[in-house]
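Below is one structure, written out as structure tokens; the observations come after it.
Chain identifiers are assigned alphabetically (A, B, ...) following the order of the sequence lines, protein sequences preceding nucleic acid strands; residue numbering begins at 1 within each chain.
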Amino acid sequence: MTKNDVAAILEEIGNLLELKGENPFKSRAYFNGARTLQTLAEDLGVLVREKRLGELPGIGDALQQKITLLVETGSLPFYDELKASFPAAILELLDIPGLGQKKLKVLYAELLIDNVDALEAACLDGRIAGLTGMGEKTAANILAGIMQRKKYAGLHRYGEIIEQAQDLLDWLRGHPDILRLSLAGSIRRAKEIVKDIDLIGSSADPAAVMADFILHPEIERVLSHGSSKSSVLFKGGVQCDLRLVADADFAYALHHFTGSKEHNVALRQWAISLGYKLSEYGLVAESAGAPTLTCRTEAEIFRALDLEDIAPELRENLGELEAAEKGLLPRLIEWSDLKGCFHNHTTASDGKNTLRQMAEAAASIGLDYFGISDHSKSSVHVNGLSEEQLLQQVAEIRLLNKELDDIHVFAGVECDILKDGSLDYEDAILSQLDYVVASVHSSFNLSEGEMTKRICRAMENPHVTMLGHLSGRLLLLRNAYALNIPDVLKVAAETGTWIELNCSTYRFDMDWRWWHQARDLGVKCVINPDAHSVQQIGNIKLGAQIARKGWLRKQDVVNCLDLDAIKNALKKPKL
DNA sequence: GCCGTTTTCGGCCCGACTGTTTTCAGTCG
């Protein structure tokens with residue numbers, strides 16, 4: 001049982017306890033415990049074995065026992081009994097917008113509603129509207145929530161809505177009554193999955209701004225409309241919340257609504273320890289005689305609390321406050337630090353543009369070098385290259401380099417890691433390339449041990465320069481395969497194998513949560529677009545955002561090296 | 001159920017908006 005499995009069970013327990021009418025703080029304790037496990041950098045099995053679970057924040061005696069039982073035996077009688085006292089599908093109803101635990105509890109107790117179809121029927125035949133505390137509008141809202149959920153599932157990949165968010169920001173900034181305006185929420189923190197677009201603005205006439213905001217031509221439905229907050233649903237299914245405050249409150253509101261919630265809770269505690277009370281409205285001295293503070297910017301709020309300015313991407317309560325206190329925050333990478341990239345495809349395998357088009361497009365966004373790595377022969381479904389085709393492409397690249405003077409093209413391959421950890425070409429072929437990206441494209445269902453061994457064996461090959469999309473996940477589509485990432489990181493450090501941060505909007509893989517640890521082990525990151533078209537080369541900008549989230553600096557990312565330095569790095573034997 | 005320099009009991013972030021209600025509860029972030 002992985003830590004994510006355990007975390008999912010703790011969350012489920014939290015929800016079931018709320019439905020049961022338990023002390024809400026008790027169920028919150030389960031949610032907190034789940035969150036701790038999800039962001040755990042260590043191996044859960046090791047923690048359990050060494051009886052160190054209690055050292056984790058939010059894990060006390062009771063959770064320690066329950067987690068230990070789950071890890072050691074794979075089951076938990078407390079959970080089984082709790083689950084058995086409710087219908088199987090009831091928690092799915094909590095995903096419907098507008099329906100929380102309290103209403104769900106009433107629906108189940110009064111009408112025995114325990115699935116989406118029964119809920120939909122009850123909305124339509126008037127039974128919902130007849131309950132105390134619920135009326136026609138409640139029924140209509142729940143119904144709209146069911147429809148919305150069916151249509152859009154409510155979650156979005158960061159890389160697919162960030163552009164829309166930026167456009168919206170620009171549109172709204174043109175409003176004459178807007179003073180300041182920023183993205184907030186998880187999209188500002190560059191989370192790989194985003195629920196909605198949060199905007200925070202300041203205005204002397206918020207009602208006027210709101211009145212115009214809800215007239216945006218791309219809006220499908222206005223969900224709520226007030227003078228300080230409005231929510232709309234855009235065509236295409238993205239929800240956007242706009243909050244407006246007085247300009248004096250802007251920095252506080254921006255910080256508050258950027259979150260994360262966990263960061264905010266920690267920062268409030270921190271403020272209390274210094275004698276202040278922090279909220280979205282201000283930073284107020286609690287002790288008599290202390291000066292009243294006015295912060296114009298978030299940086300000023302942090303400074304007032306004796307902290308370095310914490311970048312939004314780092315605000316996850318994963319050590320950023322402690323680092324900011326000691327002046328140890330990393331100087332985070334910027335996309336413009338990137339000088340090139342390595343994992344890109346052409347029409348030779350499954351790309352949409354030719355070798356030359358790709359190289360010229362890379363040059364046009366200012367890159368100094370660019371690597372071509374088409375698929376290897378086992379990936380027949382994506383037109384993987386035979387040995388002859390691959391060597392032919394290498395020859396073409398050598399010729400192209402004589403023509404192009406503003407970019408250098410490296411010849412590589414995305415070589416399949418076969419089921420047993422061997423590679424898809426012989427060493428005699430691989431040795432003729434400038435570099436090799438090794439990736440898993442098949443046999444996803446191996447055990448964790450087998451998959452870990454497979455990938456580690458591939459890294460032992462001296463020709464393997466880097467690992468591609470380490471976990472194989474496709475965001476919102478496919479889970480990562482079973483893999484012991486700490487073990488992989490250890491071997492990557494020992495063998496000098498780089499690990500890719502794949503910038504496909506579906507991947508962002510390796511996950512940002514691991515990079516801080518990888519960095520501390522000395523594992524180098526390489527930010528790659530996995531571009532299958534000229535447009536996708538630009539995804540390295542998104543990748544740099546995610547790298548920032550993983551605490552990465554310029555010196556941790558090899559493709560920040562200039563052309564001469566990267567040539568030397570590629571020539572150097574890795575072992 | 002967790003936590004602790006006001007500590008082993010009594011808190012646990014809190015305000016906007018909506019809808020159902022005559023003063024407030026639920027949801028959301």
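Of the candidate nucleotides B:dG29, B:dC13, B:dG1, B:dG1 has the atom nearest to the side chain of A:Ala62. Nearest nucleotide to the side chain of A:Ser224, out of B:dT18, B:dC28, B:dT27: B:dT18. Considering only the side chain of A:Tyr281, B:dG15 comes nearest among B:dG1, B:dC13, B:dG15. Here B:dC13 is the nucleotide among B:dC13, B:dT27, B:dG1 with the atom lying nearest to any side-chain atom of A:Val265.
The CG-P distance, from A:Leu17 to B:dC2, rounds to 12 Å in whole Å. In this structure, A:Ile200 places its CD1 atom 18 Å from P of B:dC28, rounding to the nearest Å. The CG-P distance, from A:Leu223 to B:dC17, rounds to 14 Å in whole Å. Per the geometry, CD belonging to A:Gln239 stands 9 Å off C1' belonging to B:dC28, to the nearest Å. B:dG29 atom C1' lies 16 Å from atom CD1 of A:Ile197, rounded to whole Å. Protein atom CG of A:Leu278 is 11 Å distant from nucleotide atom P of B:dC14, rounded to whole Å. At whole-Å resolution of the value, NE2 in A:His225 and C1' in B:dT18 are 14 Å apart. Counting to the nearest Å, the C1' atom of B:dC14 and the CG atom of A:Leu267 are 16 Å from each other.
Using P as the reference atom, B:dC2 and B:dC13 are 16 Å apart when rounded to the nearest Å. Remark: the separation of the C1' atoms in B:dT8 and B:dC3 is 10 Å, to the nearest Å. Here, B:dT20 and B:dG26 have their C1' atoms 11 Å apart, quoted to the whole Å. Taking the P atom of each, B:dT6 and B:dC12 are spaced 16 Å apart, rounded to whole Å. Atom name P, nucleotides B:dT27 and B:dT21: the rounded distance is 15 Å, in whole Å. B:dG11 sits 29 Å from B:dT22 when the P atoms are compared, rounded to a whole Å.
In this structure, A:Lys66 reaches the sugar-phosphate backbone alone: every heavy-atom distance under 4.0 Å involves primed, P, OP1 or OP2 atoms, never a base. At a threshold of 4.0 angstrom between heavy atoms, the contacts of A:Pro57 are confined to the sugar-phosphate backbone, with no base atom among them. Nucleic acid contact for A:Leu99: sugar-phosphate only, since backbone atoms but no base atoms lie under 4.0 Å from a heavy atom of the residue. Note on A:Asp196: only backbone sugar-phosphate atoms sit closer than 4.0 angstrom, heavy atoms only; bases stay farther off. Nucleic acid contact class of A:Lys229 (heavy atoms, under 4.0 Å, all strands): sugar-phosphate only.
Using a cutoff of 4.0 Å between basic side-chain nitrogens and carboxylate oxygens, A:Arg553 and A:Asp556 are scored as salt-bridged. Between A:Arg52 and A:Glu55, at least one side-chain nitrogen of the basic residue sits less than 4.0 Å from a carboxylate oxygen of the acidic one, meeting the salt-bridge criterion. We find that A:Asp198 and A:Arg188 are not joined by a salt bridge, their nearest charged nitrogen and carboxylate oxygen being 4.0 Å or further apart.
Where A:Asp61 and A:Phe25 each meet DNA chain B at their nearest nucleotide, the meeting point lying more 5' is that of A:Asp61. Take the nearest nucleotide of DNA chain B for A:Lys277 and for A:Gln101: the residue whose nucleotide is more 5' is A:Lys277.
Shown here is A:Asp61, whose CG atom has no more than 12 heavy atoms of other residues, nucleotides or ligands within 6.0 Å. The local environment of CD in A:Glu322 is crowded, with over 12 non-hydrogen atoms from other residues, nucleotides or ligands closer than 6.0 Å. The neighbour count for A:Glu136 CD, taken as heavy atoms of other residues, nucleotides or ligands under 6.0 Å away, does not exceed 12.
Residue A:Ser228 places at least one side-chain N or O closer than 4.0 Å to OP1 or OP2 of B:dC17. Here A:Arg28 reaches the OP1 or OP2 of B:dC13: one of its side-chain N or O atoms lies under 4.0 Å away.
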Every protein N/O lying under 3.5 Å from an N/O of nucleotides 9-11 of chain B:
none

When you compare the protein's N or O atoms with those of nucleotides 19-23 of chain B, which come within less than 3.5 Å of each other, and at what distance?
residue, atom, partner, partner atom, Å
B:dG19, OP1, A:Asn141, ND2, 3.1
B:dG19, O3', A:Thr138, OG1, 3.3
B:dT20, OP1, A:Gly135, N, 2.8
B:dT20, OP1, A:Gly135, O, 3.2
B:dT20, OP1, A:Glu136, N, 3.3
B:dT20, OP1, A:Lys137, N, 3.2
B:dT20, OP1, A:Thr138, N, 3.1
B:dT20, OP1, A:Thr138, OG1, 3.1

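Contact annotation: the side chain of A:Met210 approaches that of A:Leu244 to within less than 4.5 Å [non-hydrogen atoms, C-beta and beyond].
Separation of the A:Phe234 and A:His216 ring centroids falls under the 6.0 Å cut-off.
Shown are A:Trp512, A:Tyr158, A:Tyr506; of these, the side chain to side chain donor-acceptor pair (under 3.5 Å) with A:Glu192 is made only by A:Trp512.
The partner of B:dG1, taking Watson-Crick or G-U wobble pairs whose two distances both stay under 3.5 Å, is B:dC12.
Remark: side-chain polar atoms of A:Glu120 are not paired, donor with acceptor, to backbone N or O of A:Val116 under 3.5 angstrom.
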Would you be so kind as to tabulate the donor-acceptor pairs closer than 3.5 Å made by side chains of residues 96-104 of chain A, with sequence neighbours excluded?
residue, atom, partner, partner atom, Å
A:Gln101, NE2, A:Asn15, OD1, 3.1

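Inspection of the A:Ser203 and A:Asp177 side chains reveals no N or O donor paired with an N or O acceptor under 3.5 Å.
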